[in-house]
Amino acid sequence: MSMLDLTPHEALPEELLMFRESVRRFVEKELIPLEHKLDSTGLLDDATAQQVRERAKAAGLWLLDVPEEIGGQGLSLLPLTVFWEEVGRSTVASWVRDHGLFGPMVGPILMGLNETQRKEYLYPVVEGRKRFCFAQTEPDAGSDPSAMRTRAVKTDTGYRLNGVKRFITRAAKADFALVMAVTDPEKGARGGISCFIVDMKAQGVTLASSEKTLMGDSPCEIALQDVDVPFDNLVGVEGKGFALAQGYINHGRIRQGAHSIGAAERCLNLTAEYASQRKTFGEPLSERQGVQWMLADGFTEVYASRLMVYDAARKVEAGVDAKLETFMIKTFAVEMGFRVLDTCMQLHGGMGLTQDTPIERFWRDLRSYRITEGPTEVLRTTLARQILKNFA
């Protein structure tokens, strides 16, 4: 397949351009050829997935976000963003389903555990002996954390948790959950939410239900009824849980933006090639001005989104508050990804609706990004309010 690459070299140092090329080779050789083997849930069978993991280890693409002192690569956010973009070019490595093809996901909250907690929870996750899930969303508190109802009340030995968490990815296979709960209702999201490590086998923890999504995964509902959690399982400082969650979600928004770029670019290349070959009414689709403009706009938006995502990643690396930038990634780059995928599906006509191309699976996955890690409508409103504060 021909490919148009619009990554400006000035946007990345030479070593990251080389890293990007090595990841791209891995994706083209090891992942894209396996796309036809995905089952109805978008997963590889266990044996094939394990083969990919072994090849990822051999290629040096294992535990990229884990510090070197505990066996990982220790990559910072910009190279991780480059990696996410490249693996986003294949439906095999979709983070919607999290195959763990490049090692267990760790995330900023687990990295913030103290040493005692790390020995019991972080290190086993890195070694593949334990799995975890992140539990914040509730039936009545998805995008509005101030409406969170799960309560954590102090007892003589720790905290007692009561509440329900909904749409929790990986909960069915998790050994423990990172649970957000209200410790001070008066403060709410501004200092009244804390994070707790909750054993999924603890008394009072129940997987209430699961709901299959259009992406193929089945997130669960977790019911917490009088669940006793020791003081030692409080993550960080009481009341600072929402700040921890925002760090986790901000990384997720950058990752979603990078995935959107990778998926959109791959599908645009497939579509440009298809339009050059497909003839209607005696001439190729590529000769139609309407089609030409669709492709031109798509490649332009991918280029703009890439610069935006790289800039946000650099700011986070430098310790700059890039919350507004991550909002912009959601409202521009993520929406761009789905819009471009929808255009590619339209230009493929009936073929775009089949599973003979990866477009329909990309389309389903990227549709979810407009909701997860914060719906774009909510973030657009919050972004506008933050901007207007500067002019009040």
Side-chain angles (χ1 to χ4, degrees), residues 1-6 24 27-28 30-44 84-97 99 212-217 256-306 330-372 376:
M1 183 191 77
S2 303
M3 186 173 69
L4 178 62
D5 182 5
L6 291 174
R24 179 166 292 188
V27 169
E28 292 177 350
E30 305 292 351
L31 299 186
I32 290 177
L34 297 177
E35 289 179 338
H36 70 284
K37 291 189 174 183
L38 296 175
D39 64 20
S40 60
T41 66
L43 294 172
L44 296 170
W84 293 331
E85 179 186 334
E86 290 303 318
V87 300
R89 295 174 57 245
S90 172
T91 58
V92 170
S94 171
W95 250 257
V96 171
R97 286 165 293 277
H99 307 247
K212 190 168 184 177
T213 70
L214 88 162
M215 301 86 71
D217 65 335
Q256 285 186 346
H259 285 166
S260 298
I261 293 165
E265 186 174 63
R266 168 134 183 252
C267 291
L268 279 169
N269 280 292
L270 286 170
T271 304
E273 189 171 54
Y274 178 81
S276 298
Q277 299 170 355
R278 169 68 168 162
K279 288 187 177 181
T280 61
F281 302 100
E283 64 180 7
L285 279 177
S286 58
E287 294 299 316
R288 320 275 176 171
Q289 186 181 66
V291 172
Q292 293 171 353
W293 285 14
M294 288 178 182
L295 293 172
D297 288 347
F299 278 103
T300 300
E301 289 183 295
V302 165
Y303 179 72
S305 297
R306 177 177 285 122
K330 283 287 295 195
T331 58
F332 184 86
V334 167
E335 288 190 347
M336 173 282 300
F338 179 73
R339 185 169 57 250
V340 166
L341 260 294
D342 196 63
T343 296
C344 291
M345 180 178 284
Q346 188 73 14
L347 292 179
H348 271 78
M351 285 297 297
L353 302 175
T354 72
Q355 296 182 355
D356 292 334
T357 77
I359 293 174
E360 62 87 24
R361 190 176 290 277
F362 275 130
W363 188 92
R364 286 186 280 138
D365 287 351
L366 266 65
R367 181 61 183 87
S368 74
Y369 286 179
R370 292 174 58 194
I371 295 174
T372 57
T376 52

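Nothing fancy with the numbering, it's 1 onward along the sequence. All figures in this text were calculated on a predicted structure; none of them were measured in a lab.
- At least one side-chain heavy atom of Ile261 sits under 4.5 Å from a side-chain heavy atom of Met336.
- Contact record, Phe362 with Gly88: CE2-O, 3.3 Å, taken as the closest heavy-atom pair.
- Nearest approach of Tyr369 to His259, heavy atoms of both residues: OH-ND1, 3.0 Å.
- Closest approach of Ala264 to Leu341, counting heavy atoms only: CA-CD2, 3.8 Å.
- When atom types are taken as modelled, the side chain of Ser90 and the backbone of Val87 share no donor-acceptor pair closer than 3.5 angstrom.
- Of the possible polar contacts, one joining the Gln292 side chain to the Ser286 backbone as a donor-acceptor pair under 3.5 Å is found.
- With Arg278 contributing its side chain and Leu285 its backbone, the two residues share no donor-acceptor pair below 3.5 Å.
- Looking at heavy atoms from C-beta onward, Ile359 lies out of side-chain contact with Met351 at the 4.5 angstrom threshold.
- In this structure the side chain of Arg367 never reaches within 4.5 angstrom of the side chain of Met215, judged on heavy atoms.
- Aromatic ring orientation, Trp363 versus Phe338: tilted (interplanar angle from 30° to 60°).
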Audit row: Arg361, Ser94, side chain to side chain donor-acceptor pair (under 3.5 Å) steps and yes/no: CA-CA 10 Å; Arg361 190 176 290 277; Ser94 171; over 6 Å; no

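- With hydrogens and angles disregarded, a donor-acceptor distance shorter than 3.5 Å links the side chain of Lys330 to the backbone of Thr372.
- Side-chain contact check for Leu270 versus Pro358: some heavy-atom pair is nearer than 4.5 Å.
- A 4.5 Å side-chain heavy-atom check between Arg288 and Thr280 finds at least one atom pair inside the cut-off.
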side-chain contact (heavy atoms from CB on, under 4.5 Å) assessment of Val27 paired with Ile32: CA-CA 6 Å; Val27 169; Ile32 290 177; 4.0 Å; yes

The test is side-chain contact (heavy atoms from CB on, under 4.5 Å); show your working for Asn269 and Glu265 and say whether it passes. CA-CA 6 Å; Asn269 280 292; Glu265 186 174 63; 3.6 Å; yes

For the pair Leu44 and Leu38, evaluate side-chain contact (heavy atoms from CB on, under 4.5 Å) and give the outcome as yes or no after the intermediate values. CA-CA 5 Å; Leu44 296 170; Leu38 296 175; 3.7 Å; yes

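- Distance check: Arg266 CZ to Thr271 OG1 gives 10.5 Å after rounding to the nearest 0.5 Å.
- Across every non-hydrogen atom of Ser260 and Leu366, the tightest pair is CA-CD2, 3.9 Å.
- Here OG1 of Thr357 is found 7.5 Å from CE of Met345. Values are rounded to the nearest 0.5 Å.
- Note that the CD atom of Gln256 and the CZ atom of Arg370 stand 12.0 Å from one another [nearest 0.5 Å].
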Phe332/Thr376 under side-chain contact (heavy atoms from CB on, under 4.5 Å): CA gap, chis, key distance, verdict: CA-CA 9 Å; Phe332 184 86; Thr376 52; over 6 Å; no

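- Looking at Thr354, its side chain never comes within 3.5 Å of a backbone N or O of Gly350 through a donor-acceptor pair.
- Taking both residues in full, the closest heavy atoms of Ala296 and Thr300 are given as O-OG1, 2.7 Å, listed atom of the first, atom of the second, then distance.
- Looking only at distances, a side-chain donor or acceptor of Glu35 sits under 3.5 Å from a matching main-chain atom of Thr91.
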